[in-house]
Structure formats: structure tokens, C-alpha cells
Trainee: 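Structure incoming, see below.
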Amino acid sequence: MSKFRTYIGIILAMVLAISPVALYGANAATGGPKDAVITLQSPFLDATNTWDAKVNQQMADGWVAKGWFGSGLVFQSSFAPVGSTINLTYHVTDQAGKALAFTVVNLRINKGYSEAASIVEVDGNKTKGVDRPPFDQANVIHRTDAFGNVTFALKSLDLESSGEVEPASYTTKPTFSEDLLDRLHSQMLPEVNSEPADHSVITEFHYFTPKTPIVVAATKPTITLITPKLDATNSVTNAAKKLKQAYAPVGGDLVVVYKVTGDDGKTGVPNKAVSLKVNGGKSTLQATTDAFGYAAFTVKNADTKPNAAPASATSAMPVASSAFATLVPEISDTPAAATEGVEFHYYRGITTSVAKSGKDFIVSVAIAGAAGKSASVSVTGAKKTTVSISSPMQVVPVKVTAGAKTATVVIDGKTYTSNGVAK
């Protein structure tokens with residue numbers, strides 16, 4: 001490796017991307033907030049399913065020490081069958097751990113200096129398998145959802161005959177000929193601002209040709225909710241319904257990822273069809289688990305009668321919700337040993353994020369659930385402005401100076417506020 005080795009009114013559908021934008025040539029600059037912390041949620045990788053975990057991390061630490069990357073960079077290398085799909089799901093926060101909602105994320109695919117020779121595809125954008133540093137082979141941009149999550153479906157397109165030799169285990173370091181012509185890998189880096197300003201993760205997959213079909217025993221599989229990560233800080237538990245409930249702004253897409261685990265309780269089950277029943281089966285979403293056993297859905301909402309904005313993320317759910325979606329996963333041909341359902345209640349409201357722009361700062365005010373309406377937007381220290389909202393989720397940038405800021409938005413006579421600090 002060289003330098004960088006619903007209910008009526010709710011419309012739901014599975015898609016693979018949130019407003020994708022393909023970019024080619026030079027690396028895409030997103031201009032997002034500095035000091036974003038980006039972690040990989042799926043597939044979950046650790047020392048049990050990556051090779052040279054300690055050595056690779058030491059190498060990443062060395063790149064940070066040289067100033068090439070921001071602190072906390074993670075570098076991991078694993079394996080996947082050639083021709084398979086991997087659902088890459090990332091969680092993006094600020095340094096305080098607050099989710100960066102509706103933030104632009106650029107997935108740098110077969111990034112410059114990766115020496116990647118694989119042909120992979122995301123949203124129809126294919127790499128050429130030729131590393132020409134400093135350029136990436138492809139860039140695809142998505143926005144995070146209300147929980148700060150974003151997902152990309154990475155598809156391997158190489159011929160089975162071009163794959164590496166199947167490793168003895170996922171912790172076995174691959175060996176190659178001197179000319180490296182038998183090496184086949186891809187390498188991804190999600191970026192919000194830039195290499196030095198982000199605290200990100202580089203993930204590398206080596207594609208192998210399986211000696212025999214990969215089969216994981218799953219007579220009673222477990223279906224576990226991976227994304228979003230819901231806990232006592234951002235959701236409530238409904239004991240009667242046996243599921244977690246969370247608030248989400250109306251009109252926004254939500255990334256929902258499940259892992260299907262086999263009978264051994266740890267191994268992901270690949271190529272398994274998963275159905276996501278919506279509101280008791282009034283509609284159903286379909287997905288297939290990837291090479292690591294993860295099924296990724298994007299749940300789209302277009303409700304016109306949202307609930308009132310909650311006082312907090314853990315406020316009691318409305319008794320008579322006007323907009324909600326109950327999601328329960330199932331595998332049609334196999335009874336699951338355990339499943340985790342989730343219920344989202346949609347509301348109208350705003351969120352904010354702050355980015356540095358020269359000597360000034362930009363407060364991005366994300367307005368949810370107000371398409372077709374007029375909104376009065378004001379931020380501490382800035383001039384009030386009136387904007388026409390044309391989409392279910394619209395971001396209004398406001399230039400400000402440093403300091404504590406309160407964003408205030410008035411829609412149909414109702415006031416919504418969100419606080420932040422420009423520093």
C-alpha cells in the first residue's frame with residue numbers, strides 16, 4: 001500500500017440513495033462542517049473480521065501524525081465475495097456526539113493512492129479500476145438523515161474468475177505475486193469537509209472467489225436493528241408494542257438497517273430476502289441482505305399532517321398520532337428467533353448545523369415538513385429573511401459571526417427554534 005493504503009398520507013419505499021449526485025475527475029469538495037466524526041455502522045468491522053487490524057491501525061495513526069488526516073482515523077481491511085453487494089452505512093456527528101442531520105457526505109470510491117483495481121458501482125456510477133492519484137475513481141454524494149445516518153450500496157462488478165484466493169479466515173492476511181496482478185480490492189473514504197478536517201474511516205475490501213457457495217445455517221435467524229441506533233437519549237420504549245419509538249421530521253428520508261444473524265448468534269446471513277412490514281402490513285418494503293448479512297432500507301415520508309414538534313426526543317408519543325410508521329422486519333420462509341421493530345412519529349420542526357466560511361460561519365437551518373409554505377427565518381445576529389419552501393426538507397444557509405446562536409423559524413404562525421454555537 002502506498003500513501004493511503006403508514007397510515008394514509010405516509011408514502012414509503014425502499015431506495016438505495018438519498019438525492020445522489022455523481023461527481024468525476026477531481027475529488028469532490030462538499031464544504032461541510034469541520035471536525036465531523038464519521039463511523040462505519042454496517043458492516044461492523046473489528047479484529048475478528050479484518051486482517052492485520054493492529055498493524056493497519058498503526059499505519060493510520062502514522063498518516064494522522066503526518067497531518068494527512070484528522071485525529072481518530074480508522075483504517076480496516078476485510079474480505080467479500082467477488083460480485084457481492086456491501087451496504088456501507090455511516091453515522092456522522094460533531095465532536096460532542098450530536099448527530100449531523102441532513103449533512104452532505106461524499107463517498108470517495110477507490111480513492112486516490114488506494115491502488116484499487118476493482119470495478120465497483122454505487123448508484124450506477126462505476127469505477128475503472130485504474131488508480132491515478134490524487135484523483136478518486138468515483139465520487140457519490142448523499143445527505144445524512146435526521147439521525148445523522150447515510151447509506152451507500154457498493155456493488156462488485158468484477159468477473160468471478162478475477163477474484164483473489166479465498167482466505168482461510170477473514171483475519172488471514174492475503175498474499176500476492178510480486179507484480180500484484182492477482183490483487184483485487186476497493187477502498188472507500190466518506191468525507192464531510194476534507195481529509196485533515198474530518199475524523200473518518202477508510203475501509204478496504206479484498207474480493208475473493210469462493211471455493212464453494214457460502215451458506216450460513218439460519219433455521220431460526222435473529223433480525224437486529226442496526227441503524228438508527230436508538231437508546232434512552234433519542235427514543236422511548238413501548239412495552240405494549242414491544243418496540244422502540246422515535247421522532248423524525250416530516251418529509252425526510254430515514255435510513256433503516258437490519259442485520260440477519262444465523263443460528264450461531266454471530267455470523268451474518270448473506271443473500272436473504274427481508275420484508276419490512278409497514279403499519280401491520282398495509283405496505284411492505286423488500287431488501288436482500290448483503291455479503292455481511294445487512295439489509296438496508298430508506299424509508300421515504302411525504303405526510304401532509306405532521307404531529308406537533310415534541311419538547312424533546314424522549315417526550316411521550318402522541319396518543320393520537322397524525323403521522324407515523326410502524327416497521328417490523330420478517331423473513332417469509334423462516335421464522336425468526338427474535339426481531340426488533342421500530343416506530344417513527346413524524347413532526348414539523350427544524351434542525352441546525354454550523355460550518356466555518358473564511359472569517360464567518362454559516363448556520364444551515366434545515367426546515368422539515370413545510371413544502372409549499374412560506375417561512376420566516378432568523379438567526380441571532382443576522383437579518384431576518386423570508387423563504388419559499390419547495391421541498392419536504394429544505395436547508396437555508398445564514399451567514400453569522402462567532403458565538404451562541406438561536407435559529408427561529410415561523411411557519412403558519414407557529415414558531416420553531418434550534419440552538420447552536422459558531423466557533
Side-chain angles (χ1 to χ4, degrees), residues 6-15 99 101-102 145-149 223 225 227-256 258 275-285 297-330 339-352 365-376 389 391-394 407-419:
T6 74
Y7 197 77
I8 295 176
I10 292 182
I11 300 174
L12 299 130
M14 188 197 85
V15 295
F102 315 114
D145 67 5
F147 293 92
N149 301 316
I223 310 176
L225 179 67
T227 304
K229 291 187 180 297
L230 299 178
D231 54 30
T233 68
N234 62 2
S235 66
V236 297
T237 300
N238 187 313
K241 290 186 175 183
K242 298 181 180 179
L243 50 70
K244 286 188 172 66
Q245 298 173 305
Y247 288 102
V250 69
D253 298 346
L254 294 177
V255 175
V256 178
Y258 281 94
S275 299
L276 198 58
K277 296 177 64 176
V278 183
N279 290 348
K282 291 183 179 179
S283 62
T284 304
L285 310 181
F297 302 85
T298 295
V299 180
K300 301 181 71 67
N301 171 261
D303 217 291
T304 57
K305 296 182 179 180
N307 296 292
S312 73
T314 57
S315 296
M317 295 294 156
V319 176
S321 183
S322 59
F324 70 94
T326 305
L327 309 175
V328 179
E330 68 174 17
T339 61
E340 284 188 293
V342 62
E343 186 173 87
F344 297 112
H345 289 256
Y346 295 98
Y347 69 94
R348 176 171 293 155
I350 68 171
T351 56
T352 55
V365 184
I367 303 174
K373 298 183 179 296
S374 177
S376 172
I389 307 301
S391 64
M393 185 62 61
Q394 186 162 323
T408 303
V409 177
V410 180
I411 305 169
D412 287 346
K414 294 184 178 180
T415 300
Y416 306 89
T417 61
S418 179
N419 298 318

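In what follows, every heavy atom counts, from backbone to side chain, and hydrogens, waters and symmetry copies are set aside. We number each residue from 1, following the sequence as shown.
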Trainee: Which heavy atom of T314 sits nearest to which heavy atom of A232, and what is that distance?
Mentor: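 For T314 versus A232, the nearest heavy atoms are CG2-O, 3.1 Å.
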Trainee: Compare every heavy atom of V409 with every heavy atom of I367, then report the nearest pair and how far apart it is.
Mentor: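 Answer, listing the atom of I367 first, then V409: CD1-CG1, 4.1 Å.
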Trainee: With a 4.5 Å limit on heavy-atom distance, are the side chains of Y258 and L276 in contact?
Mentor: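 Sidechains of L276 and Y258: in contact.
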Trainee: So which heavy atom on A323 is nearest to which on N307, and how close?
Mentor: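 Smallest interatomic distance, heavy atoms only, reads O-ND2, 3.1 Å.
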Trainee: Tell me whether the rings of H345 and F324 are parallel (<30°), tilted (30 to 60°) or perpendicular (>60°).
Mentor: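 Aromatic pair H345/F324 classed parallel.
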Trainee: Taking all heavy atoms of L254 and all of A146, pick out the closest pair and write down the distance.
Mentor: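 What the structure gives for the nearest pair is CD2-CB, 4.2 Å.
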Trainee: When rounded to the nearest 0.5 angstrom, what is the spacing between CG in N234 and NZ in K244?
Mentor: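 One finds 9.5 Å between CG of N234 and NZ of K244.
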Trainee: Return yes if some donor-acceptor pair links the side-chain N/O of Y347 with the main-chain N/O of A368 below 3.5 Å, else return no.
Mentor: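 No.
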Trainee: Search all heavy atoms of L230 against all heavy atoms of S235 and return the closest pair with its distance.
Mentor: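 Heavy-atom minimum between the residues: CB-OG, 3.5 Å.
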Trainee: Sequence neighbours left out, what passes salt bridge (charged side-chain N to carboxylate O under 4.0 Å, His left out) with K305? Give chain and number order.
Mentor: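 Residues passing salt bridge (charged side-chain N to carboxylate O under 4.0 Å, His left out) with K305: none at all.
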Trainee: For V342 and L243, work out which heavy atoms get closest and say how close.
Mentor: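 V342 and L243 have their closest heavy atoms at N-CB, 4.1 Å.
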Trainee: Working to the nearest 0.5 Å, report the span between CG of D303 and OH of Y346.
Mentor: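 The CG atom of D303 sits 8.5 Å away from the OH atom of Y346.
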Trainee: Would you say NZ of K241 has more than 12 non-hydrogen atoms from neighbouring residues, nucleotides or ligands within 6.0 angstrom?
Mentor: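 Yes, because the 6.0 Å sphere around NZ of K241 holds more than 12 heavy atoms from other groups.
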Trainee: Should Y247 and P318 count as side-chain neighbours, where that means a heavy-atom distance under 4.5 Å?
Mentor: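 The answer is yes, as the side chains (C-beta and beyond) meet within the 4.5 Å cut-off.
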Trainee: Quick check: does any side chain N or O of N279 sit under 3.5 Å from a backbone N or O of K282, one acting as donor and the other as acceptor?
Mentor: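 Not confirmed, N279 side chain does not pair with K282 backbone.
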Trainee: Looking at V255, is its backbone amide N or carbonyl O close enough to the side chain of D145 to form a donor-acceptor pair, meaning the two atoms are under 3.5 Å apart?
Mentor: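 It does hold such a pair.
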Trainee: Would you compute the distance between atom CD of E330 and atom CD1 of I223 and round it to the nearest 0.5 angstrom?
Mentor: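 Rounded to the nearest 0.5 Å, the CD-CD1 separation comes out at 8.0 Å.
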Trainee: Could you tell me the separation between the CZ atom of F147 and the OG1 atom of T227, rounded to the nearest 0.5 Å?
Mentor: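 It comes to 11.0 Å.
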Trainee: Tell me, do F344 and P228 make a side-chain contact under 4.5 Å, heavy atoms counted?
Mentor: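 Heavy-atom side-chain distance check passes, below 4.5 Å.
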Trainee: Drop me the distance from D412's CG to K373's NZ, to the nearest 0.5 angstrom.
Mentor: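 Spacing of CG (D412) from NZ (K373) equals 4.0 Å.
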